[in-house]
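So you know, we letter chains A, B, ... as the sequences are listed, proteins then strands, and number each from 1.
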Amino acid sequence: MELPVISHSGPKAEGGGCASSGCGSAPDALAHLPDHIRAKVQDHPCYSEEAHHYFARMHVAVAPACNIQCNYCNRKYDCSNESRPGVVSELLTPDQAIRKVLAVAAEIPQMTVLGIAGPGDPLANPARTFDTFRQLSEKAPDIKLCVSTNGLSLPEHVDEIAKHNIDHVTITINCVDPEIGAQIYPWIYWQNKRIRGVEAARILIEQQQKGLEMLTARGILVKVNSVLIPGVNDQHLAEVSKIVKAKGAFLHNVMPLIAEAEHGTYYGLMGQPEPTAEQLQALQDECAGDMAMMRHCRQCRADAVGLLGEDRGDEFTMDKIDVMDIDYAAAMARRKEVHDAIIDQLEAKRGNAPAAAVDRGIPAGSRPVLMAVAGKNGVVAEHFGHAREFLIYEASPAGVRFIGHRKTELYCGGMDSCGDGDVIEAGASESLLDRNIRILEGCEVVLCAKIGYEPWGKLEAAGIAPNGEHAMEAIEDAVLAVYKEIAATGKLAPAVDSKKVA
Amino acid sequence: MALSITESCVNCWACVDVCPNDAIYPDRPHFMIDDMKCTECIGDHPDPQCAAICPIEMAIADELGVFLNPPGSLTGIPVEKLKELGLWREAA
C-alpha cells in the first residue's frame, strides 16, 4: 500500500502569510480544470492554494455603497483591528486607490492581483469600481483584476466586466431557495424600491444565477462564496454547490459565519450560533464530491494587503504613500522577474513530484486522524502559546491532506510563562487557554515546537496528545511520522472509538 | 419640503448615487441634503430614493424629525431588544 505525502515544501515564501507549506491538496484541488483555466489561476492567491504561498493580493476599498442587507453584516462597523470581510479603515477614491495599488505593487513585487470587494457591493458602485479598474489596467497592465459581488446587479454589468478584462469574479451565493434566503437577507434595493422578505430573496437568487450563467458563457472564471449559517442553510449548501458547479463555477468557498454580538449584526445580536470547525469541515467534505473546494480562505478585510494570512495595510496608508518615491516602470519590470521566477519554481516542483512514501505498517482500513499543527513556512516551528492559528491536517491511509486552519486568541504574553493565559477574565466564561483547547476539538494530536507544562496537562485532559518531538520538521513529514507511531500502537483499528486515542 | 440626514449616517454614498436631484453631497461629519434641491422624489419615484436604499436606521428624517427608517425596520431586530441595548429612539 502506498502512503503518498500529497505536498512537500516548495520554494520558500518570503515573509508571513499562511504558515503551512503546501496546504495539502494544493495542485490537485484544481486538477479537474482545463489547462487554460489552470494557467489563469496559477498565480492567483485567492483561487489557487498553491499560489497563496508565493503571490500577494490587495483589496482597495472604493465601493462603500450596498444594494442589499445581509444578516451577518453591520454597515456601521469600522475598525482597524478586525480582520473580516466588510471592514475597512480608510475609504479611497479611485485616484487614491490607484496610487495605493501602484505603491504596494512596487514594494511587494509578488503582488499579482487587485480585487475590489467592498466594503459595500462593488457593482452597486459601478462608476467608482470600473474607474479604478480602467485606470489600473492602463498603468499596470500586469496586475490581474477581480471583483466580488452579491450578484444583484451582476447581469447588467457583465459586459463591462468583460470589457475591462476582469477574468475572475466571486459571487456570494448563500442559497437557491427564496424561503431560506428570506432568513438571510432582510431586504434588497431593486428598481428604485426597497423589497423585503421572500420576494427580495427570489429576485436576488434569480439575478445571481443569471449573472453566473452569463459570466461562464463568456469564459470569465467564477468562484462562489457561501456563508455557512447553522440552522439556516447548513442542510442546503450541498445543493447550492451542485447547482453552481453545473452552471460552470470553478471553485466553491464555504466560509464559516462570523456572528459576534459586539459586531452588532442581526445574527450577532440575536445569538445565531457560528458553525464549529467540525461542522464546517463536514460540509466542505460533503460538497467536495461535486466541486473543487477552497480551504485556504482567510476571510480577509475589504482593504487587505499582502499574502493571504497577513495584512500589511498599515504600511500603505495614504499619508505614507504620498511621501513614497516610486519608479513605476522599474517596479513593473521587477514584478515580471519575480513572477517568472516563482512560476518557474512551481513548474519545476510540479515536474519533480515527491516520491510516494512507502507504507511502513499502517493497517489497511485504519481510521483517519486529525492533527493540529503550530507551523510556520511549512515546518513545525511555533511554540504552542505563540500560535495565531493552528493548521489542521488529516492523516489517513490515503496520505496527509490539509483540512483548514483554526484561529486562536494569543494567550501567551511572554517567553517564559504562559500562566496568565489561564486566568478567566471578568465577564468571560473560560480562559483563553481553555478556549484555544476547545477550538482544537476533534484533533487527537497537537504538533508544536515547544509547549509549556500547563497547556500540556490541559491538552492531555481534553484527550489531545501534545507532541513537541518534531520541531523544525516539514509539517507533512511530521504528521505522517506521528500517524505511523499511532498506527504502531494498534490504536487505528476501524473498530476503535474514533473520539479518543491519545 | 425636504428630507435630512442625521448623525447616524455612515457616509456610504448609496444615497448620493440614487438621488434623482443630485441633492446629496459629501460632508463631515456626515453627508448632507441640499434642501433647495430635495423634492422627496415626488414626481420621480413613489418612494424617496435615499430612504429606500439607506442601510442605516434613523439616518433619514423628514421635516418633522420622523425617521423614514425607524429602529428595527431594516435589521429586523425586535424593538424590545433594541431598547434593551439602548439603540432605540423615537425621532431625531
Margin query: Main chain of A/Asn192, side chain of B/Gln49: is a donor-acceptor contact present, judged purely on distance under 3.5 Å?
Written below: yes
Margin query: Below 4.5 Å, heavy-atom pairs only: which of B/Ile53, B/Ile77, B/Asp47 has the largest tally toward chain A?
Written below: B/Ile53
Next item on the list: Against chain A, work out which of B/Cys54, B/Ala51, B/Cys41 has the most heavy-atom pairs shorter than 4.5 Å and name it.
Entry: B/Cys54
Notebook entry, point to check: Would a 4.5 Å heavy-atom cut-off, applied to side chains only, mark B/Glu84 and A/Leu269 as touching?
Noted result: no
Check: Stepwise, does the side-chain contact (heavy atoms from CB on, under 4.5 Å) test hold for B/Ile56 with A/Arg75?
Finding: CA-CA 7 Å; B/Ile56 304 294; A/Arg75 296 309 316 280; 3.9 Å; yes
Margin query: Taking B/Leu74's backbone N and O only, do any of them form a donor-acceptor pair with A/Arg194's side chain (distance below 3.5 Å, no angle check)?
Written below: no
Margin query: I'd like to know which of B/Val16, B/Asn69, B/Asn11, B/Asp44 tops the heavy-atom pair count under 4.5 Å against chain A.
Written below: B/Asn69
Next item on the list: Go through B/Thr75 and A/Met270 one step at a time and tell me if the side-chain contact (heavy atoms from CB on, under 4.5 Å) criterion holds.
Entry: CA-CA 11 Å; B/Thr75 59; A/Met270 301 303 283; over 6 Å; no
Next item on the list: Work out which heavy atom in A/Trp187 is nearest to a heavy atom in B/Pro55; give both atom names and the distance.
Entry: CZ2-CA, 3.7 Å
Notebook entry, point to check: Does A/Gln235 CD have over 12 foreign heavy atoms under 6.0 Å away?
Noted result: no
Item checked: Over 12 foreign heavy atoms within 6.0 Å of CE, B/Met1 -> yes
